[in-house]
Amino acid sequence: MREVSEFIHTLTDSDVYVVKLDENPVLDVRDSYFGTVWEQVDGVCAELAAIPELHHGFNALGVSQGGLFLRALQQSCSSVRIHNLVTLGSPHMGVQSIPTCSPTNIFCRTAVRFLLRLGFWDAWVQKRFVQAQYYREETAYDKYLENNIFLPYVNNELPHNRSSMFSSRLQKLNKLVLVGFGDDRLIEPRSSSLFGWVNETTGELVPMREQPLYKSNALGLRTLDESGKVDELIFPGNHLHLSKSDFAKLILTYFRRNSDDTVDSKDRPNSYKHVKRAPWASKKLHDSKAAQQLKEFAQKKQKAENAPSEAAPITTVEELDDLTNPFVNVSRKLRTTAASAFVTVFSHFFYEINDVYHSLLELFSLIPQIIGIVYLSVLFTNREMDTLMQFAGQVGNEMFNYILKITIREPRQHGFGMGYGMPSSHSQFMGYFFAYMCTWCIIYRREQLKSLVTIAKMNLWALLCTCVCASRYLLGFHTAKQVAVGFFAGAIVGTVWCIIVSILRVFDVLYLLLEWKLLQMFSFKDTIPWSVNTHHRLWLDSRSPNKDD
């Protein structure tokens, strides 16, 4: 959402507010699976009502189930007004199957397990599991109306004391933009994103205008549509697989200043900045050449079209592609994550199959993980105290990096990756590794510093550091400053820790640690610093005819 918010801000010169159910990212994800939707909508209503900049209304973007919940907000919350509501792959008519979970998404998998065990219509499930509250079956329509506590009410499929309010407030939208995906494998049926459904007996599509909900006009959807305020767009690909160029065209088309507001123009904030700027907004990104080009393009488009409330059709994207290409370091050909990318949160690694240059840079980002594997391999094979202390320092260095990030709170370049960007953890990892190894050689192998082997080793370490640090910058995950600060912070930690370990060794502290029963159980020793050719000597001993003696 950081990347999306940065992109929208750059395109429209409007500030962006991201709705969160909890400031803790983990709990925010949890709340998208567990909780009562109406309570969450009411909480968001109170939150947005307390922001003065929003009192004159705002445009809203809802992603997946968020689009359905934003529509519920517009219908039920009299304290807010949404001008244009764009929903991306949102289950407006509900779903008739459980969305597929990622293998690593523990919240989703837990929710699904309970849903299958207890059933969708169980009262306890309905009050606690978000996805159950928009589950819908026409073959069990009576059970759906009787037990579902959210969707039948937000769609006015049941009479209730706020039915007329829901209908009238939906019709106050300037635009309701329904975006569906032709190969959506998450929302079933996929036509739900366009207020459609399927005949659950024959499997035939029942589009919006043939739905009883539309024909009865109980929700006011037909009135809104006949007024030209409903746009239906279908993009190819799976759920939310939308190119940046197409996404940018959506934003430029629908997220513009509305001329038919009742508020006088002099009372509006400048540049239609109805929302507070996200605290992690990158000033450098906003001032970049590519960002300036996008702003000029958006202003030119807005000036040329005198009726902002009437959305222009989405046409070609070549001109916008040329502008957005320098804005990100991701290939324009990357259309679907499932087909073209492999992502792991652990390494912020994004593998583009058809881009050799970026693929090579992205592989460099795995070097710290490879070094970590080497650490553990050497640690468990040689059982050396020296390796254990170096590895302990490396772990401490990572903890120090985390503390720096949450203290400085500087965003990543272009918003790519997870968490904050200052300093770069990859660069700090390599800075520690390089500094510790070099300092170790200076302390324990000073007489060999001029040997070709030692020089080659140091050059190899320097090359690895260069590859990792350069990849983090060139791929757009970090700024040059974040990379430099990370490297030098790691170098300081590595140098200081290596000196501390040498002092602990002089004062026999490491020897006392070796008396610890746990280390004795794994046969740890401290021999490498004192023996120049340890491995060669052990190899000779193994070939000695008197080795049994």
Side-chain angles (χ1 to χ4, degrees), residues 32-42 62 64-77 87 90-99 111-112 114-171 176 178 186-225 230:
S32 66
Y33 293 98
F34 301 101
T36 304
V37 177
W38 281 123
E39 291 180 358
Q40 295 178 354
V41 170
D42 291 342
S64 197
Q65 67 182 22
L68 172 61
F69 301 160
L70 278 176
R71 177 165 67 85
L73 177 73
Q74 167 66 14
Q75 294 174 193
S76 64
C77 180
T87 64
S90 301
H92 289 288
M93 288 294 286
V95 295
Q96 63 178 7
S97 68
I98 303 173
V112 168
F114 275 95
L115 287 173
L116 291 175
R117 181 176 298 175
L118 300 176
F120 291 98
W121 310 129
D122 184 85
W124 188 86
V125 170
Q126 280 289 318
K127 292 179 181 179
R128 290 168 176 81
F129 293 90
V130 170
Q131 285 68 37
Q133 293 166 50
Y134 57 83
Y135 182 80
R136 183 176 186 270
E137 286 184 66
E138 289 195 348
T139 54
Y141 195 63
D142 291 339
K143 286 186 176 181
Y144 158 73
L145 293 178
E146 180 182 355
N147 297 288
N148 193 298
I149 65 174
F150 174 72
L151 192 62
Y153 298 93
V154 78
N155 280 349
N156 274 357
E157 294 179 89
L158 277 176
H160 55 93
N161 55 5
R162 294 198 293 174
S163 296
S164 59
M165 174 187 177
F166 283 14
S167 175
S168 62
R169 285 191 56 81
L170 180 69
Q171 295 174 52
L176 174 60
L178 307 173
L186 186 69
I187 302 299
E188 185 180 340
R190 61 177 68 105
S191 56
S192 176
S193 301
L194 305 177
F195 270 101
W197 198 251
V198 294
N199 185 311
E200 295 177 11
T201 303
T202 65
E204 295 180 0
L205 172 66
V206 183
M208 174 180 71
R209 293 169 184 83
E210 296 180 17
Q211 290 291 330
L213 176 66
Y214 181 90
K215 293 180 178 180
S216 68
N217 204 28
L219 187 59
L221 183 62
R222 189 181 70 194
T223 301
L224 193 70
D225 182 39
V230 178

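FYI, the numbering just counts along the sequence from 1.
- Leu70 is linked by a side chain to side chain contact (heavy atoms under 4.5 Å, CB included) to Ala60, Leu73, Leu85, counting only residues two or more places apart in sequence or in another chain.
- In terms of heavy-atom proximity, Ser90 sits nearest to Gly67 at OG-CA, 3.2 Å.
- Residues forming a side chain to side chain contact (heavy atoms under 4.5 Å, CB included) with Gln74 (at least two apart in sequence, or on another chain): Ile82, Arg169, Lys172, Leu173.
- The backbone N or O of Pro159 lies less than 3.5 Å from no partner atom in the side chain of Ser163, so there is not a single donor-acceptor pair.
- The heavy-atom pair separating Asn155 from Leu213 by the smallest distance is O-CD1, 2.9 Å.
- Using a 4.5 Å heavy-atom threshold, the side chains of Gln96 and Thr139 count as separate.
- The side chain to side chain donor-acceptor pair (under 3.5 Å) contacts involving residues 209-222 comprise Arg209-Asp225, Arg209-Glu232, Tyr214-Asp225, Asn217-Thr223, where partners must be two or more places apart or lie in separate chains.
- For the pair Leu170 and Gln75, the minimum side-chain heavy-atom distance is below 4.5 Å.
- Thr202 pairs by the side chain to side chain contact (heavy atoms under 4.5 Å, CB included) definition with Asn199, Glu204, not counting sequence neighbours.
- Smallest separation of non-hydrogen atoms from Glu138 and Val198: OE1-O, 4.4 Å.
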Discussion item. Using the rule given for side chain to side chain contact (heavy atoms under 4.5 Å, CB included), can you reason through Leu219 versus Phe195, listing the C-alpha separation, both sets of side-chain angles and the distance that settles it, and then say yes or no?
Written reply: CA-CA 12 Å; Leu219 187 59; Phe195 270 101; 4.3 Å; yes
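- Residue Pro91 comes nearest to Gln65 through the heavy atom pair CD-CA, 3.9 Å, listed as atom of the first residue, atom of the second, then distance.
- Annotation: side-chain hydrogen bond (donor to acceptor under 3.5 Å, both in side chains) contacts of Thr201 (sequence neighbours excluded): none.
- A search for side-chain hydrogen bond (donor to acceptor under 3.5 Å, both in side chains) contacts involving Thr87 returns His92, not counting sequence neighbours.
- The stretch residues 158-168 participates, sequence neighbours left out, in no salt bridge (Lys or Arg N to Asp or Glu O under 4.0 Å) pair at all.
- Residues forming a side chain to side chain contact (heavy atoms under 4.5 Å, CB included) with Phe150 (at least two apart in sequence, or on another chain): Val37, Trp38, Leu68, Phe69, Ala72, Gln133, Asn148, Val154.
- Taking all atoms of both residues into account, the shortest heavy-atom contact from Pro152 to Leu145 is CB-CD2, 4.0 Å.
- For Glu157, the side-chain hydrogen bond (donor to acceptor under 3.5 Å, both in side chains) criterion is met by Arg136, Tyr141, Tyr144, not counting sequence neighbours.
- Considering only heavy atoms from C-beta on, Phe129 stays 4.5 Å or farther from Tyr33 through its side chain.
- Every residue two or more places apart in sequence or in another chain that forms a side-chain hydrogen bond (donor to acceptor under 3.5 Å, both in side chains) with Ser167 is listed here: Gln171.
- Judged as a side chain to side chain donor-acceptor pair (under 3.5 Å), the pairs with a partner in residues 187-196 (not counting sequence neighbours) are, in order, Ser97-Glu188.
- Between His160 and Asn156, the shortest heavy-atom contact is NE2-OD1, 2.9 Å.
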